[in-house]
Amino acid sequence: MLKVHNQGSNHFLRVVRGEDLVEQVQGYCKKVNVTAGWVQGLGACDHVVISYYDLEKKEYIKHEFNEEFELLSLIGNISMVDGEPFLHAHVTLGRSDQSVIGGHLHEMRISGTGEVLITRFQTEFSRSKDEETGLSLLDGRKA
Ligand code: ZN
């Protein structure tokens with residue numbers, strides 16, 4: 001169950017222990033119709049699946065970790081993919097010896113707390129497949 005505070009375009013969520021941060025953020029965005037946004041967060045987790053994108057192979061190389069981490073930093077965005085809000089986020093995770101790992105986020109089970117700020121944009125972000133990189137990149141007008 002999320003704890004939520006809203007102020008203008010800012011939505012502050014607290015993801016509680018045992019819940020998946022990605023599912024909770026995407027579910028909240030669906031519920032209140034956030035179709036574009038910027039996401040920041042911190043907290044602690046005890047299960048995470050992160051990856052590194054191999055540009056040569058055009059695939060995400062996933063790694064699963066089941067240990068206590070501080071969520072030092074989460075940064076990401078919300079766009080619409082297949083009609084649903086999609087969180088694209090990267091995380092930096094701290095171990096008990098103060099060393100860090102990080103990567104592209106797939107799953108994160110919260111252990112202590114997950115404190116997330118979503119700044120909503122009054123538009124819709126979409127993504128399209130980029131043939132050169134194999135990535136699903138954000139669309140937009142030329143600046
Ligand atoms: Zn990424």
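Starting from 1, each residue takes its place in the sequence as its number. All ligand and atom numbering here is 1-based and tracks the order in the structure.
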- Message: Quick check against the 3.5 Å criterion: does T35 have a side-chain atom that pairs as donor or acceptor with the backbone of T123?
- Response: yes
Among the N, O or S atoms that [X] has, which is closest to the Zn ion (ligand 1)?
X    : result
H104 : ND1
H88  : NE2
H90  : NE2

Looking only at the side chains, is there a donor atom on one of [X] and [Y] sitting less than 3.5 Å from an acceptor on the other?
X   : Y    : answer
E68 : S96  : no
S51 : H106 : yes
H11 : Y28  : yes

